[in-house]
Amino acid sequence: MSVEPLPADPALPALRQASDGDEMLELLRRHLRPVSQRYEIEGCRLSRIHYHRGDRCGLRYTLRLVDRETGRERSQWVTGLIYAGDRAARVWRKLTASDPRRAFPTFEPLAFVPELELIAQVFPYDRHLPALPRLTVAPPPDLEPHFLAELGAGDRQLASWTVAPVQYRIGRAAVLRYEVEDGAGKSFYAKVYRREEQAERAHGVLRALADRREGGAAFTVPKPLAYVSELRTLVQEEAPGTPLRQLVSAGDDGSAVRRAAHALSAFRRGPVAGLPRHGLDGEVAALKAASELLGVACPKVAGRLRAVVAAVAARLDEVPAELTHGELKTSHVFLSGDGVAVVDLDSCAASDPVLDPARLLADLAGLRLRAPDEGRWQAAGDAFAEAYLSAAPRAARRRLVPHYAGALLKEAVDFFRHLEPCWPEKVPMLIEKAEDALSRRDW
């Protein structure tokens, strides 16, 4: 299955072939080494890319496997790594010298595709997440007491686990869901990080914000259960409730987004001690990086992208830093009863708090391009903005417009990285929305 062609890159000549699902289907059939002859590869879809022009690209493929014995289908992630120059050969020699062979159920964890000089990693193997294969079998034994305590299971032994991958970002992080068979459906989540400092910071944020919920805060966060430093893994409880995205999709009357807006107003007053500072210079740098990537993907709008970044930078000033989520989307807010939970706090920083409502509004704008019912997402955005701004200072209303324009560029990057259908047409549409927003003085 093919997707929209990726931009040509002279330093990575194999990139266009590697983005062709039909061609990769044949190459992976040829070069992946099956553990047994049980599974047949019937389909290949490119589902995510992590692209650094002129240097490297990680491509995540979703394979459709068919069990020859039962006829049942299953999915399998495979990552393709492409490097400039002869780096792929050097990385391959290093990986094979470490002999990462394990008893994977489908294919051996590593393969080399010489036609493209591409290294294929079979999930859960990832050269930068060495603990991942071990964690996909079962949680480490030293975590079991924490799970027993949460389940109120006393000293009894837990039976068996169901482990399912929830999220996977090539070479950066992965999230696994653990569910114990006799745990009344209760789940726990483990997030594996590439760098120890990332895991430690996420753990610190969760602990600080989890302490606040005991004092009756307007929002909660998942309770951190354990941090295993040698595995760079943070384990936490499941967030209660339903994602805001799902509620809006089901026809929310506005009450859910208004509750989310009020919770976000409280979130900004959370602790910032120990968090990195993300000031105006850092935000403008992030927008320039987004603009450069989108300019490579869609060269015809490169000039317009630079103009948007310049206009955003000209309309913002440094403001007192408060707690920000940093990457807030409708999938990161859960509602249950009277409670609102915020998840995925890895990007928390001390920054301009208006970044968060702007990013959530940009997420809603992106959903309008993904789903056919545009009015539903528009109404949700209007209700959210009205509720958030009703309790915000006048200056926040003025800053929301340029931050929203910048957030739309980040949303456009998501469209490209996730290879959304018709992304070459939808990226310019998001840029146009940013330009329209900048034509207004305030929200």
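All values below were derived from every heavy atom in this structure, side-chain atoms included, with hydrogens, water molecules and symmetry-related copies excluded.
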Enquirer: Taking all atoms of both residues into account, what is the closest heavy-atom pair of Pro133 and Tyr125, and its distance?
Expert: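 Heavy-atom minimum between the residues: CG-CA, 4.1 Å.
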Enquirer: Any idea which heavy atoms bring Gly279 and Glu318 closest together, and the distance?
Expert: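 The answer is CA-OE2, 3.4 Å.
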Enquirer: Would you call the rings of His52 and His50 parallel, tilted or perpendicular, taking 30° and 60° as the class edges?
Expert: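 Plane angle over 60°, so perpendicular.
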Enquirer: Return a table of donor-acceptor pairs under 3.5 angstrom between the side chains of residues 283-296 and protein atoms on other chains or two or more places apart.
Expert:
residue: Glu283; atom: OE1; partner: His278; partner atom: NE2; Å: 2.8
residue: Glu283; atom: OE1; partner: Lys410; partner atom: NZ; Å: 3.3
residue: Glu283; atom: OE2; partner: Lys410; partner atom: NZ; Å: 2.9

Enquirer: Where do Glu117 and Ala88 come nearest, in terms of heavy atoms and distance?
Expert: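 Looks like O-CB, 3.5 Å.
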Enquirer: Tell me if a side-chain donor or acceptor on Lys426 pairs with a main-chain N or O of Glu420 at a distance below 3.5 Å.
Expert: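 Here the side-chain-to-backbone pair does not exist.
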Enquirer: Just wondering, are more than 12 heavy atoms of other shown residues or ligands nearer than 6.0 Å to CD in Gln76?
Expert: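 Yes, the 6.0 Å shell around CD holds more than 12 heavy atoms from other groups.
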Enquirer: Under the 3.5 angstrom rule, does the side chain of Arg177 hit a backbone N or O of Ala164 as a donor-acceptor pair?
Expert: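 Checked: no pair found.
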Enquirer: Of all heavy-atom pairs between Leu361 and Gly381, which one has the smallest distance, and what is that distance?
Expert: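 Looking at all heavy atoms of both residues, the shortest contact is CD2-O, 3.4 Å.
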Enquirer: What pairs of residues pass the salt bridge (Lys or Arg N to Asp or Glu O under 4.0 Å) test when at least one of them lies in residues 47-62, not counting sequence neighbours?
Expert: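 The answer is none; no pair qualifies.
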Enquirer: Once you round to the nearest 0.5 Å, how far does CG of Leu132 lie from CG of Leu176?
Expert: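 The CG atom of Leu132 sits 5.5 Å away from the CG atom of Leu176.
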Enquirer: Report yes or no: does Arg29 contribute a side-chain atom to a donor-acceptor pair with the main-chain N or O of Ile41 at less than 3.5 Å?
Expert: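 Yes; at least one donor-acceptor contact below 3.5 Å.
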Enquirer: Are any side-chain N or O atoms of Arg269 and backbone N or O atoms of Ser265, one a donor and one an acceptor, separated by less than 3.5 Å?
Expert: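 It does hold such a pair.
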Enquirer: Of all heavy-atom pairs between Gly326 and Asp356, which one has the smallest distance, and what is that distance?
Expert: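 Shortest heavy-atom separation between Gly326 and Asp356 comes out as N-OD1, 3.0 Å.
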Enquirer: Is it true that Arg399 and Asp352 have a side-chain N and a carboxylate O under 4.0 angstrom from each other?
Expert: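 Looking at Arg399 and Asp352, the cut-off is met.
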Enquirer: Is the closest side-chain heavy-atom distance between Leu28 and Phe107 below 4.5 Å?
Expert: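 Not in contact.
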Enquirer: Within the side chain of Glu108, is there an N or O that forms a donor-acceptor pair under 3.5 Å with the backbone of Arg33?
Expert: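 Absent.
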Enquirer: Side chain to side chain donor-acceptor pair (under 3.5 Å) with His332: which residues, sequence neighbours excluded?
Expert: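 Here the qualifying residues are Asp344.
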Enquirer: For Arg245, what residues pass the side chain to side chain contact (heavy atoms under 4.5 Å, CB included) criterion, not counting sequence neighbours?
Expert: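 In terms of side chain to side chain contact (heavy atoms under 4.5 Å, CB included), with neighbours along the sequence ignored, Arg245 is linked to Lys329, Thr330, Ser331, Asp363, Leu367, Trp377.
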Enquirer: Treating Arg259 as the side-chain partner and Gly339 as the backbone partner, does any N or O pair qualify as donor plus acceptor under 3.5 Å?
Expert: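 Checking the backbone N and O of Gly339 against the side chain of Arg259, a donor-acceptor pair under 3.5 Å is found.
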Enquirer: Inspect the contact between Glu115 and Arg30 and indicate whether a charged nitrogen and a carboxylate oxygen are less than 4.0 angstrom apart.
Expert: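 Yes, Arg30 and Glu115 are salt-bridged.
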Enquirer: If only atom types and distance count, is the side chain of Gln198 paired as donor or acceptor with the main-chain N or O of Arg195 below 3.5 Å?
Expert: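 Answer holds: yes.
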Enquirer: Does any part of the side chain of Leu209, heavy atoms only, come nearer than 4.5 Å to the side chain of Leu323, both counted from C-beta?
Expert: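 Result yes, sub-4.5 Å side-chain heavy-atom pair found.
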Enquirer: Of all residues at least two apart in sequence or in a different chain, which pass the side chain to side chain donor-acceptor pair (under 3.5 Å) check with Tyr193?
Expert: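 Here the qualifying residues are Asp346.
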Enquirer: Is the side chain of Arg359 donor-acceptor paired with the backbone N or O of Leu328 at a distance under 3.5 Å, no angle test?
Expert: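 Answer holds: no.
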Enquirer: My understanding is that only one of Val137, Leu129, Leu135, Thr136 makes a side chain to side chain contact (heavy atoms under 4.5 Å, CB included) with Pro124; could you say which?
Expert: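 Testing Pro124 for a side chain to side chain contact (heavy atoms under 4.5 Å, CB included) against Val137, Leu129, Leu135, Thr136 leaves exactly one candidate, Thr136.
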Enquirer: Quick check: are there more than 12 heavy atoms from other residues, nucleotides or ligands sitting under 6.0 Å from CZ of Arg306?
Expert: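 Check fails, neighbour count at 12 or below.
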Enquirer: Could you pull out the closest heavy-atom pair between His31 and Pro114, with the gap in Å?
Expert: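 Looking at all heavy atoms of both residues, the shortest contact is CE1-CD, 3.5 Å.
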Enquirer: Just one of Arg38, Arg74, Arg72 clears the side-chain hydrogen bond (donor to acceptor under 3.5 Å, both in side chains) bar with Asp67, so which one?
Expert: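 Only one option passes, and that is Arg38.
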Enquirer: Taking the side chain from Tyr83 and the backbone from Ala89, do they hold a donor-acceptor pair closer than 3.5 Å?
Expert: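 It does not hold such a pair.
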Enquirer: If you define the side chain from C-beta out and look only at heavy atoms, does anything of Val333 sit under 4.5 Å from Phe267?
Expert: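 A side-chain contact under 4.5 Å is absent here.
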Enquirer: Donor-acceptor check, side chain of Thr233 to backbone of Leu231, threshold 3.5 angstrom: yes or no?
Expert: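 Between the backbone of Leu231 and the side chain of Thr233 there is a qualifying donor-acceptor contact (under 3.5 Å).
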Enquirer: Would you please name every residue forming a ring pair (Phe, Tyr, Trp, His ring centres under 6.0 Å) with Phe416, sequence neighbours left out?
Expert: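 With sequence neighbours excluded, Phe416 shows a ring pair (Phe, Tyr, Trp, His ring centres under 6.0 Å) to Trp423, given in chain and number order.
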